[in-house]
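What follows is a single structure, written as structure tokens, with notes after it.
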Amino acid sequence: MLKVSIKGLKDGLHGFEARADSTSIDGMFPEFIGEVVVRGNVRKVGMRFIVEGHASCEAQLECDVSGEPFQQKIETDISVPYVADTNMFHLHRDDVDPEPPYYLHEDASEIDLTNEVREELAVHLPMKRVAPQYRDQDLSALYPDVSEDADSGDDGEAPIDKRWEALKNVKFSDN
């Protein structure tokens, strides 16, 4: 788990580093491999804690262009506010999808960042997964057979599949 100790912190800025194996985090996307690393600072002001940091983890992805597997480092910044308030903690502890600021018990000795980091890393997985060696290449250079078929249409229209070409000359009457 990705936990940050807040026991005995005085007001001010305090650095932290948290690490956990991606397989040990419940609900982590299967694309993530290796260790999740979070580095940053906890700013304490009275009963408020603001956690700001940078999270990263390697991901094993499949290229959408070639189908080849490749690894990419997924990185994201996190900023999460917490308030140590026992009454609000008990009031909101059963919330299914709580909204920030998150409430802590006043006697809490650590902050668990696991859910926030897991969600942020998942959101930063690329929608279009292209291996680095194919990112700057045109699709027609990689697959010339496909590009020739696409260029054969007249007047900018998509080419008609040869199986449907016989229907091109069918006329309907307006009766």
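We count residues from 1, following the sequence as given.
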Note to self: Quiz question: by atom type and distance under 3.5 Å, do the side chains of Q72 and Q60 form a donor-acceptor pair?
What the structure shows: no
Check: Side chains of E75 and H124: is there a donor and an acceptor less than 3.5 Å apart?
Finding: no
Taking [Y]'s backbone N and O only, do any of them form a donor-acceptor pair with [X]'s side chain (distance below 3.5 Å, no angle check)?
X    : Y    : value
S66  : C63  : no
T86  : E106 : yes
S22  : G34  : yes
D95  : D97  : no
R135 : V130 : yes

Checklist line | Residue of the set L104, L2, V80 for which side-chain contact (heavy atoms from CB on, under 4.5 Å) holds with I111 | finding: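 Single side-chain contact (heavy atoms from CB on, under 4.5 Å) partner of I111 among L104, L2, V80: L104.
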Restricting to non-hydrogen atoms, name the atom on [X] and the atom on [Y] that form the minimum distance, rounded to 0.1 Å.
X    : Y    : answer
D11  : G46  : OD1-N, 3.1 Å
E120 : T76  : OE1-OG1, 3.6 Å
V83  : P101 : CG2-CB, 3.9 Å
N41  : G15  : OD1-CA, 3.4 Å
P81  : S79  : CD-O, 4.1 Å

Compare all side-chain heavy atoms of [X] with those of [Y] and state whether any distance is below 4.5 angstrom.
X    : Y    : answer
P69  : E62  : no
C57  : V37  : no
F32  : L125 : yes
H54  : R39  : no
P132 : F70  : yes
R43  : H14  : no
H105 : R93  : no
S56  : V38  : no

Notebook entry, point to check: Going through the distances and angles, do K44 and I50 end up as a side-chain contact (heavy atoms from CB on, under 4.5 Å)?
Noted result: CA-CA 7 Å; K44 181 176 188 273; I50 299 170; over 6 Å; no
Note to self: Within a 6.0 Å radius of atom CG on D136, are there more than 12 heavy atoms belonging to other residues, nucleotides or ligands?
What the structure shows: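 Atom CG in D136 is not crowded, with 12 or fewer foreign heavy atoms closer than 6.0 Å.
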Note to self: Between R129 and E31 (salt bridge meaning N to carboxylate O under 4.0 Å), is one present in this structure?
What the structure shows: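 Salt bridge flag = yes for E31 with R129.
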Item checked: Under-4.0 Å salt bridge between R163 and E165 -> no
Next item on the list: Verify salt bridge (Lys or Arg N to Asp or Glu O under 4.0 Å) between K73 and E58, making sure each step is shown before the conclusion.
Entry: CA-CA 4 Å; K73 189 173 196 174; E58 287 289 325; 5.3 Å; no
Any link between [X] and [Y] through a network of hydrophobic side chains (Ile, Leu, Val, Met, Phe, Trp, Tyr) touching at under 4.5 Å?
X    : Y    : result
F89  : L91  : yes
F16  : L121 : yes
V123 : M127 : no
I78  : Y82  : yes

Notebook entry, point to check: Distance from L13 atom CG to E52 atom CD, nearest 0.5 Å?
Noted result: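 Between atom CG of L13 and atom CD of E52 there are 8.5 Å.
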Next item on the list: Starting at CG of D107, measure out to NZ of K7 and round the result to the nearest 0.5 Å.
Entry: 10.5 Å
Notebook entry, point to check: Would you call the rings of H92 and Y103 parallel, tilted or perpendicular, where under 30° means parallel and over 60° means perpendicular?
Noted result: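 Ring orientation of H92 relative to Y103: parallel.
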Next item on the list: Could you check V4 against E17 for side-chain contact (heavy atoms from CB on, under 4.5 Å), going step by step and ending with a plain yes or no?
Entry: CA-CA 8 Å; V4 177; E17 180 174 326; over 6 Å; no
Margin query: Before you tell me yes or no, could you show the steps for F29 and R118 under side-chain contact (heavy atoms from CB on, under 4.5 Å), namely the whole-Å CA-CA distance, both residues' side-chain angles and the distance that decides it to 0.1 Å?
Written below: CA-CA 8 Å; F29 280 40; R118 182 187 66 234; 5.7 Å; no
